[in-house]
Asks: 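Provided herewith is a single structure, encoded as structure tokens, for subsequent inquiry.
If you're wondering where the values come from, they're calculated on a predicted model, not measured in any experiment.
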Amino acid sequence: LIAGGIVWTVRIAGSLAFGREAMGLGDVHLMAAVGACVGWIDASVAFPLAAVIGLYWALVGAISRGGLARAMPFGPYLAAASMCVIYGKPVVERGLTAMLGAASDMPVNLP
């Protein structure tokens, strides 16, 4: 509910700000499902990461095509960011444990 609520809030605020639908309801459902499966923290981290991945992909597309697209689907970037968070969490935990070194006797376990 938290991940879906975050996306729902951004969807409503974006729609009010731009005067047209800013994000589809499928994006809300996708992040609610991700939050139900992996937890609200991971889904909440994946949402802003999806914007970074989408921005990167748009810039690569703009350079290769010579212009930006008028509208982009956000769902593929949400899915890619969710996968990055799921598969990248062990790497981040190992890195944090190594950085803490002697300061911590226990390994870092993110929720």
Asks: Closest heavy-atom contact between Ala22 and Ser15?
Replies: N-OG, 3.3 Å
Asks: Just checking Leu16: does its CG atom have more than 12 heavy atoms from other residues, nucleotides or ligands closer to it than 6.0 angstrom?
Replies: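 Enclosed: over 12 neighbouring heavy atoms sit under 6.0 Å from CG of Leu16.
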Asks: Within this structure, what is the CE-OG1 distance for the pair Met23 and Thr9, rounded to the nearest 0.5 Å?
Replies: 10.5 Å
Asks: Under a single-linkage definition using a 4.5 Å side-chain heavy-atom cutoff for Ile, Leu, Val, Met, Phe, Trp and Tyr, are Ile2 and Val85 assigned to the same hydrophobic cluster?
Replies: yes
Asks: So do Met72 and Trp57 actually touch side chain to side chain, heavy atoms under 4.5 Å?
Replies: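 Side chain of Trp57 against side chain of Met72, heavy atoms only: no contact under 4.5 Å found.
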Asks: Going from OG on Ser82 to CE on Met31, what distance comes out if it is rounded to the nearest 0.5 angstrom?
Replies: 4.5 Å
Asks: Between Tyr77 and Ile53, what is the shortest heavy-atom contact and its length?
Replies: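 Heavy atoms of Tyr77 and Ile53 come nearest at CD2-CG2, 4.0 Å.
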Asks: At their closest point, which heavy atom of Ser44 faces which heavy atom of Ile6, and how far apart are they?
Replies: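 In terms of heavy atoms, the two residues are closest at OG-CD1, 3.5 Å.
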Asks: Show the nearest heavy-atom pair for residues Val45 and Pro48, with the distance to one decimal.
Replies: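 Where Val45 meets Pro48 most closely, the heavy atoms are O-CD, 3.3 Å.
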Asks: Please report the shortest heavy-atom distance between Asp27 and Gly75, naming the atom on each side.
Replies: OD1-N, 3.3 Å
Asks: A side-chain contact here means heavy atoms from C-beta on lying under 4.5 Å apart; do Leu49 and Cys84 qualify?
Replies: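 The answer is yes; the side chains approach within 4.5 Å.
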Asks: Tell me, do Val34 and Asp42 make a side-chain contact under 4.5 Å, heavy atoms counted?
Replies: no
Asks: For Gly4 and Val28, work out which heavy atoms get closest and say how close.
Replies: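 For Gly4 versus Val28, the nearest heavy atoms are O-CG1, 3.6 Å.
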Asks: Measuring from Trp8:CH2 to Leu1:CG, what's the distance to the nearest 0.5 Å?
Replies: 13.0 Å
Asks: Give the cluster check for Phe47 versus Leu55: same hydrophobic cluster or not, with ILVMFWY residues linked at side-chain heavy-atom distances below 4.5 Å.
Replies: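 No; Leu55 is not reachable from Phe47 via cluster members.
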